[in-house]
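For reference, the structure is listed below as structure tokens.
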Amino acid sequence: MRPFTFATGVYASGDWESGQLVSAVVIDSLARHTDLEVSPTGINVALDSAELFEYPFLYLTGHLAVRFSTGERRNLLRFVDRGGFVFMDDHNHDINGVFHKTATEELTKLFGRLEQVPTRHELYRAFFTYEDGPPATNHEMNGWGDNLVHEHLLGILRDGRIDVLYSNKDYSSEWSMHPESKRFMQVDPSRFAVNIVVYALTR
Amino acid sequence: MRSPADAGAGGRVLLERIARGLAMLSLLWLLVLAFRDRVAPGRAVVESGELPRLLTEWSTSGAPAAVHVRTVGAFAPFARDWLRALAGAGTGVTWEGSALTPTALAVEPVADPEGGTSGWIAAPAEVPTIVEDAVGQLDSIRSGSPGARILVRSGPDELLVRSGSSIARSRVADSLVLGRLLLLGRAGWESKFVAAALEERGWKIDARLRLSPKGDVRQGQVAPIDTTRYSAVLVLDSVGPAEAVRVAEFVRSGGGVIVSGPALRSPGLGVLAAGSPGSMVPGREPFDTSAAEPRRGLELLPLTPRADAVVLERRERLAAVAARRIERGRAVTSGYLDTWRWRMGGSEAAVREHRDWWADLVAGVAHTVRISRPAEGFTDEAPVATLFARLGPSAPAPRSRDGTNPVSRALLFAALMAALLVEWTSRRLRGVR
């Protein structure tokens with residue numbers, strides 16, 4: 001059986017590579033907290049390639065404007081239609097930022113209107129329990145970016161199941177660290193990533 | 001002393017008397033036959049095309065003592081059954097036929113929430129066979145082997161098979177009550193996509209998937225593994241020995257099990273598997289997206305089937321899927337790994353094909369409760385066999401009990417006329433009137 005592989009999506013516009021430390025942190029959390037078979041390293045996969053369909057969990061991030069190419073759009077649609085899970089995170093933590101505006105426009109064009117994921121959604125109980133919905137990030141608490149604590153994640157939901165999860169809480173910054181840094185923290189900030197991956201693998 | 005001329009005249013007189021006697025006997029015999037025919041009509045030899053009219057006549061204004069029917073191909077079922085009724089009422093019925101095509105059809109409901117009808121067809125290999133439902137033609141079969149199976153996903157209640165001159169038709173007689181499915185193994189893409197495929201199909205699924213030392217992922221109720229709740233168990237990865245024992249008991253009591261992929265290497269499940277796994281064979285790279293061989297791109301643990309197993313699917317010469325019975329239950333073993341890759345990366349139809357393939361595996365093993373439907377409609381599952389059962393074997397038109405038939409009456413009449421002619425000629429040659 002092929003192990004779970006954390007795949008970061010490569011798209012032609014913008015800076016897809018802005019969260020290159022995230023994969024290592026998420027993989028570390030999965031290995032710490034679960035028995036899942038996990039590839040020790042993540043992979044970067046082009047959205048317009050056939051290889052995309054070998055990795056049903058796809059992480060997308062960036063700071064800059066996002067405009068998908070025709071091939072990228074076609075593949076993303078097919079990927080989600082077949083059961084793939086997309087987690088897209090705004091690396092800006094800025095509701096008026098260019099990434100947020102363009103990325104949500106692209107997602108809306110492809111999949112329809114993004115809706116708020118309810119705070120009682122099973123995503124928040126898939127592994128660890130988050131009674132109040134998505135955990136806040138240090139960037140939110142420190143008032144950076146738009147100076148807001150976003151209470152909800154957004155998503156494309158089909159019959160209650162999340163196909164595309166969109167965050168403008170900037171988890172990409174929260175999880176951009178070397179895994180060994182976690183030992184200096186009271187709570188592992190990437191625990192929520194375990195929920196996202198377990199949700200994608202089991203629902 | 002008598003002269004030779006006197007002796008010749010005496011011989012002629014004797015000949016004339018014999019001829020007269022023969023004529024009288026023939027006449028008497030013909031009279032007897034005519035009398036008999038007035039009392040009861042005799043034997044009727046008819047073609048099968050005349051039966052609709054004649055059967056009505058025979059049933060309303062008296063049937064003949066015996067009927068012989070000649071047919072090309074099988075009788076219409078109503079004629080066959082009507083003739084059987086006549087035979088039951090005392091009419092001797094015989095038949096002879098040519099171009100009979102022995103055909104049989106049996107249909108069963110498929111253990112699938114979307115329904116479906118499975119038909120087993122027996123027909124001569126050399127005769128084209130057409131399968132129809134109430135709407136029209138579904139398929140044609142010319143397999144070269146005398147048996148075939150057809151799966152109709154639209155689930156018609158009735159199927160009809162035309163093979164040569166025979167038409168076999170059969171109706172689904174039972175409704176199935178399906179239980180739930182239980183998914184066992186490890187959290188991962190395979191369990192997720194198999195569950196998704198079967199839920200899309202309409203199955204209700206409980207799952208116990210290993211995830212972490214803190215606990216498993218559970219979906220649905222935690223219930224005992226028995227046939228009152230579950231139709232089948234799908235084991236997609238290794239399970240503990242106690243769980244394996246419970247699954248084995250479930251199968252022996254009539255449940256179904258599918259052991260797939262890494263689960264084949266789980267020691268506790270060996271007793272259930274239809275074969276033992278060999279070394280992993282890689283799939284064709286890059287992933288094959290052709291619809292013709294959609295599973296060629298998957299990695300495979302080739303099976304060495306057990307002696308009592310039937311291989312259901314091969315990849316080239318390697319056994320890929322096998323099945324066996326275990327007491328009252330059934331087990332299917334699949335050597336394919338990561339079938340989710342087929343659904344994600346296959347051709348345009350891959351999602352549906354992946355769903356159908358898994359649904360078919362489950363349908364093959366699922367425990368069901370059958371509820372008989374009230375009998376309705378007409379069935380004729382084996383027309384030629386039923387013809388033999390109702391009317392006996394084919395035979396040429398027999399001679400009647402009194403030795404007469406239309407041909408012998410003509411001969412009798414010819415003999416009568418010849419005897420009279422001989423006597424008359426002889427008397428005229430002798431100069432006697």
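Numbered from 1 within each chain, the chains take letters A, B, ... in sequence-line order.
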Neighbour count above 12 (heavy atom, 6.0 Å) for B/R153 CZ: yes
Which portion of B/P262 sits near chain A, non-hydrogen atoms under 4.5 angstrom: side chain
Side chain proximity check, B/H354 to A/R82, heavy atoms < 4.5 angstrom: no
Atom pair NZ/OH of B/K192 and A/Y199 - distance to nearest 0.5 Å: 8.0 Å
Shortest non-hydrogen contact between B/F193 and A/G83, atoms and distance: CZ-O, 3.6 Å
Nearest-0.5 Å distance, CD of residue B/E190 to CG of residue A/L201: 12.5 Å
Other residues, nucleotides, ligands: >12 heavy atoms within 6.0 Å of A/E115 CD: yes
Part of residues 226-234 of chain B lying next to chain A, heavy-atom separation under 4.5 Å: none
Closest contact, heavy atoms only, A/D35 versus B/P213: OD1-CD, 3.5 Å
Beyond-backbone contact of A/L36 with B/L211, side-chain heavy atoms, under 4.5 angstrom: yes
Residues, nucleotides or ligands: over 12 heavy atoms within 6.0 Å of B/D308 CG: yes
Interface moiety of B/A187 toward chain A, non-hydrogen atoms closer than 4.5 Å: both
Portion of A/E37 that has a non-hydrogen atom of chain B nearer than 4.5 angstrom: both
Approximate separation, where rounding is to 0.5 Å, of B/E199 CD and A/D159 CG: 11.0 Å
Rounded distance (nearest 0.5 Å) linking atom CZ of B/R218 with atom OG1 of A/T202: 14.0 Å
Donor-acceptor pair, side chain of B/R341 and main chain of A/F53, under 3.5 angstrom: no
Presence of salt bridge, A/R2 and B/E299, under 4.0 angstrom: yes
Heavy-atom contact with chain B under 4.5 Å, split by part of A/V197: neither
Residue pair B/D237 / A/M1, side-chain heavy-atom distance below 4.5 Å: yes
B/K214 and A/H33, any side-chain heavy atoms less than 4.5 Å apart: no
Nearest atoms (heavy-atom pairs only) where B/W189 meets A/A200: CZ3-O, 3.4 Å
